[in-house]
Amino acid sequence: MTQSKNTASFFDTQYLQNLMPNRYAFDMSAVLELYRKNVEAFTELQQVTVEGLQNVAQCQSTLMNELVQQNTALTQQLLGEGTPEEKVARQADLIKTAYERSVTSLREISDVVSKTGTEAGEILNARITDSLETLGTVPAKVAKTEKTARKAA
């Protein structure tokens with residue numbers, strides 16, 4: 001028997017029926033469809049997660065670049081000319097600006113993480129709800145098929 005084992009044959013109900021003829025008392029095509037949808041949902045979930053992580057990394061990179069530039073500017077101004085009082089005043093202004101920008105950037109990162117989590121939760125919720133509904137109908141479909149088969153016999 002030299003049948004190739006790929007994912008397409010896994011979802012092929014005819015292939016499974018040939019392996020186990022009349023050995024299961026449920027609608028195998030419905031179950032395989034359920035698993036196919038689960039794999040699709042998992043793939044979508046991974047895409048959403050990766051995109052979210054990429055957005056977080058980009059925000060963190062931007063924040064880090066800004067912090068380095070602000071610290072460089074702060075150092076140059078502190079080493080520049082002026083009285084100590086002027087330097088302290090400039091330093092306070094620069095630190096305040098850097099702090100405000102950092103808080104804003106951290107809020108942006110938090111929003112991205114929250115949005116990603118919400119999207120992932122919605123995908124999982126939809127898939128679980130659909131799976132439970134499908135699992136609830138599989139035995140009813142089999143019972144109806146068996147009744148029809150008995151009447152025909």
Side-chain angles (χ1 to χ4, degrees), residues 1-77 91-153:
M1 191 160 123
T2 60
Q3 180 139 8
S4 69
K5 293 183 179 181
N6 59 29
T7 56
S9 67
F10 179 76
F11 294 110
D12 182 15
T13 57
Q14 187 62 42
Y15 173 72
L16 291 174
Q17 286 173 350
N18 290 339
L19 287 177
M20 304 179 301
N22 301 322
R23 294 222 171 113
Y24 46 86
F26 50 88
D27 184 4
M28 191 60 149
S29 62
V31 172
L32 289 177
E33 180 66 16
L34 174 77
Y35 283 111
R36 185 189 61 76
K37 288 179 180 179
N38 287 347
V39 169
E40 287 176 356
F42 184 71
T43 302
E44 184 180 358
L45 182 63
Q46 286 179 323
Q47 289 173 344
V48 166
T49 303
V50 167
E51 288 171 5
L53 290 173
Q54 287 173 340
N55 288 338
V56 167
Q58 184 179 9
C59 288
Q60 288 176 333
S61 174
T62 301
L63 174 63
M64 204 54 160
N65 286 336
E66 288 176 2
L67 287 174
V68 168
Q69 290 172 356
Q70 289 170 356
N71 285 337
T72 302
L74 177 65
T75 302
Q76 288 174 349
Q77 288 187 4
Q91 180 181 11
D93 287 340
L94 288 172
I95 289 173
K96 180 182 175 188
T97 303
Y99 175 76
E100 289 171 350
R101 180 61 189 133
S102 294
V103 169
T104 301
S105 294
L106 290 174
R107 283 187 186 137
E108 290 172 7
I109 291 171
S110 174
D111 289 344
V112 168
V113 170
S114 177
K115 179 183 172 204
T116 301
T118 301
E119 287 179 22
E122 289 172 354
I123 292 168
L124 284 175
N125 185 35
R127 187 66 232 129
I128 290 170
T129 301
D130 186 54
S131 292
L132 292 175
E133 288 173 2
T134 301
L135 285 175
T137 62
V138 169
K141 286 180 183 177
V142 171
K144 187 185 273 186
T145 304
E146 287 177 0
K147 285 179 185 178
T148 307
R150 286 183 198 148
K151 286 180 182 178

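No hydrogens, no waters, no symmetry mates; every other heavy atom, side chains included, goes into these values.
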Return the [atom1] to [atom2] distance between [X] and [Y], rounded to the nearest 0.5 Å.
X: Glu133; Y: Leu34; atom1: CD; atom2: CG; answer: 11.5 Å
X: Glu108; Y: Gln58; atom1: CD; atom2: CD; answer: 10.5 Å
X: Lys37; Y: Glu44; atom1: NZ; atom2: CD; answer: 13.0 Å
X: Leu45; Y: Glu122; atom1: CG; atom2: CD; answer: 11.5 Å
X: Gln60; Y: Asn55; atom1: CD; atom2: CG; answer: 11.5 Å
X: Ile109; Y: Thr104; atom1: CD1; atom2: OG1; answer: 11.0 Å

[X] versus [Y], closest heavy-atom pair with distance:
X: Gly52; Y: Thr116; answer: CA-OG1, 3.3 Å
X: Cys59; Y: Val112; answer: SG-CG2, 4.5 Å
X: Ser102; Y: Leu63; answer: CA-CD1, 3.9 Å

Within the distance-only criterion (no hydrogens, no angle test), does the side chain of Ser61 pair as donor or acceptor with the backbone N or O of Ala57 below 3.5 angstrom?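 Judged by distance alone, no pair lies under 3.5 Å.
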Does any N or O in the side chain of Ser114 come within less than 3.5 Å of the main-chain N or O of Ser110, such that one atom is a donor and the other an acceptor?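 No; judged by distance alone, with no hydrogens or angles, the pair does not exist.
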In this structure, which one of Val48, Thr118, Thr49 forms a side chain to side chain contact (heavy atoms under 4.5 Å, CB included) with Ile123?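 So, applying the side chain to side chain contact (heavy atoms under 4.5 Å, CB included) to Ile123 and each of Val48, Thr118, Thr49, only Val48 qualifies.
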Side chains of [X] and [Y] in contact at under 4.5 Å (non-hydrogen atoms):
X: Leu94; Y: Gln70; value: no
X: Asn38; Y: Phe42; value: no
X: Thr43; Y: Gln47; value: yes

Could you tell me whether Asp93 and Lys96 make a salt bridge, using a distance below 4.0 angstrom between a side-chain N and a carboxylate O?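 Salt bridge: no.
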Taking NZ, NE, NH1 and NH2 as the nitrogens, is one of them in Glu100 or Arg107 under 4.0 Å from a carboxylate oxygen of the other?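 No, Glu100 and Arg107 are not salt-bridged.
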Determine, stepwise, if the pair Thr97 / Arg101 fulfils side-chain contact (heavy atoms from CB on, under 4.5 Å). CA-CA 6 Å; Thr97 303; Arg101 180 61 189 133; 5.6 Å; no
